[in-house]
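Accompanying notes for the structure given below.
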Amino acid sequence: MKTLFILSWRNIWRKPARSGVLLAAITVGLWAGVVTVGIINGMMQQRVSYLIESEITHVQVHNPEFLSEGFARLYLSDHDSISETLAADPRVAAFASRTITDGMIQSPVKTSGVRIRGVQPDRERETTTFHENLTDGEYLDSAMRNAVLIGEKLAADHHIQLGDRVVLTFENTRNELVSGLFNVAGLFRSASVNYDEAHVFVRADDLIRLMGVGPIYHEIAVLLHEEGDAAAVAASLSGSFPEAKVRTWREISPELTMIVELGGVTMVLITAIIMIALAFGILNTMLMALFERMREIGMLLSIGMNRIRVFGMLMLESALLTLTGVATGVALALLTLRYYSERGMNLEVFADGAAQLGWDYHIYPVVTASDFGVIMAVVVVITMLASAYPAFKGVRVNPMEVT
Amino acid sequence: MALVKTQNLTKVYNPDTVPVHALRGVDLEINRGEFTAIQGPSGSGKTTLLNMIGGLDYPTSGNVYINEVDISNMKDSERIAFRLKHIGFVFQHYNLIPVFTARENVSFIMLLQKRDKQDIDRRAEELLHSVGLGERMDARPSQLSGGQQQRVAVARALASEPSFILADEPTANLDSASAMNLLDIMEKMNREQGITFVFSTHDARVIERARRVITMVDGAVSEDETKEVEQHGT
């Protein structure tokens, strides 16, 4: 086996330029593939983490009818009991209650539909990182009366500036329209322009006061110490409060689950596309090498090297060539990923497009060990398939080729 | 007991289209220790005969016996194993493995035989010394002259300790001095160690040295002459 290994390795380097070009192609292909996968993974993970940390959190509790109807009267009747349960659960890092209603924002310029989210500023700071999206002004824990935070895009559309006043009109629990004058305390910019256009934030107490009711909350957002506990916490809450709808982030935002799953599929697809392209290079190189060595293979068969060994030798040549390229490609990719996973990859040139889609443009690429496992598996399978044809052709050489 | 025996050996190429009768019922016996040349004009069937005796090709009819074993109907894998054990080959174009050194080329066939490593190393060195390449053992074929490459090929053919060696036009690509040197080595091995050589050749120098000359014409043995040849220096 050692001799076969040496023979195969030396055979690769008979034509250093040819093998070198193929090696470079595999190296660059793998490098590009792994880095691309890393960027896509990073974007997806950042998107998922951002949404979980800035708004969705790990678990949410609602009145099930609120989810389908969206009326203000469909609040959580068990809010206080649920809050007590959550406060006593050691898996819970923090939770915040939200009063939510759909309404309109009216400025001197125009009127547009928005979802009004009434939050408890202190609890919301502990539970989400949404306050970090503030780009100007103050958060809702300022002393300003009837403060509202609006997205930069919405502010631009309405020609609104800090300190301006807007009217929010919404439905109360008795299905009556209520209006209130709010002062623009701050502007925010999340990762999604669409989100920024469609949501405004006010203090829950202000909203409740204007609704003319006692404390009502439509949503409890729960941040856990461990994401892996989400399903268990949701299950225990559902058991204790069967009237409430308890959902994990995967259920709340199926698109996030899809993003995570898509990441895996994308990785396989990208690697496969790159490797299929490279496979033709491998096939071409190995066929050329085979045709040049028909007489030599005939000689090997003549002197007594069996066809299985000939097949093994040819496959080993492909495998060694590919694995060398893969090793250098992966090493380069690891160095690249290491560099950018610490500093981040600034794709500011795509910032506008990324913001439309809700993606961050400062990407921290991520490739896990299992990702590398999948990539390697795809590489090995495609390489072996590409190598098999020349190897089978080699095995069928007539030993009389030598004479 | 004949070392090699062919019985009514026939080979027809393209039997269904344009039949070419390469061998027409050849009956032949080659005994242990012979130094035999098969000569004949191009197309006479000498290479086909050599391929049959070497187990490289299948006859259309007839049989080939090596050490009384009929190899005519052996499966391909059995033939390869048989060749590894019983037949040594020397080719016109040397056909060494270009990425191996002389030592590795000679060792390779013994590695295929799964011999002991120390035995392989010892025998490879002995054989290369015996063909006068003790100083060039670590040279690759590209660093050797044609004559030296052919001597490595002879050492390789002997490495597996075969029953006999088939040499297809071994001197065809060599200059006179190299050809004579190679023939001296093979003749010495034949004389001193009793190794059987069977050549296919056009080369008058080989025919002159051979103790038996089989002449092929139109796929049949036209003449089979055993002679006493003058011993050349070694």
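So you know, we letter chains A, B, ... as the sequences are listed, proteins then strands, and number each from 1.
- No side-chain heavy atom of B/T47 sits less than 4.5 Å from a side-chain heavy atom of A/M400.
- Looking only at side-chain heavy atoms (C-beta outward), A/I303 and B/R83 stay at 4.5 Å or farther from each other.
- Heavy atoms from other residues, nucleotides or ligands lying under 6.0 Å from CD1 of A/I308 number 12 at most.
- At a threshold of 4.5 Å between non-hydrogen side-chain atoms, the residues A/L7 and B/F108 count as touching.
- When side chains are defined from C-beta on, B/F91 does not count as touching A/R295, because their heavy atoms never get closer than 4.5 Å.
- Taking 4.5 Å as the limit, every side-chain heavy atom of B/I80 sits out of range of all side-chain heavy atoms of A/M305.
- Interatomic distance, CZ of A/R309 versus CG of B/L112, reported as 5.5 Å (0.5 Å rounding).
- The contact between A/R307 and chain B is made by backbone and side chain atoms together, counting heavy-atom distances below 4.5 Å.
- Residue-environment remark: OH (A/Y389) stays at or below the threshold of 12 foreign heavy atoms within 6.0 Å.
- For A/E342, the CD atom sits in a packed shell: over 12 heavy atoms of surrounding residues, nucleotides or ligands are nearer than 6.0 Å.
- Neither the backbone nor the side chain of B/F82 comes within less than 4.5 Å of any heavy atom of chain A.
- Residue contact with chain A, scored on non-hydrogen atoms closer than 4.5 Å, involves the side chain of B/R156 exclusively.
- Around CG of B/D218, the count of heavy atoms belonging to other residues, nucleotides or ligands within 6.0 Å does not exceed 12.
- One finds the CD atom of B/E104 at 6.5 Å from the CD1 atom of A/I6 (value rounded to the nearest 0.5 Å).
- Of all the heavy atoms in B/I97 and A/E296, the pair that sits closest is CG2-OE2, 4.1 Å.
- Other residues, nucleotides and ligands contribute more than 12 heavy atoms inside 6.0 Å of the OH atom of B/Y58.
- Contact annotation for B/F100: both backbone and side-chain heavy atoms come within less than 4.5 Å of a heavy atom of chain A.
- A/S302 contributes atom OG, which lies 8.0 Å from atom CG of B/N51 (distance to the nearest 0.5 angstrom).
- Interatomic distance, A/N398 CG to B/L56 CG, rounded to the nearest 0.5 Å: 8.0 Å.
- Put simply, the side chain of A/N306 does not reach to within 4.5 Å of the side chain of B/S77, judged on heavy atoms.
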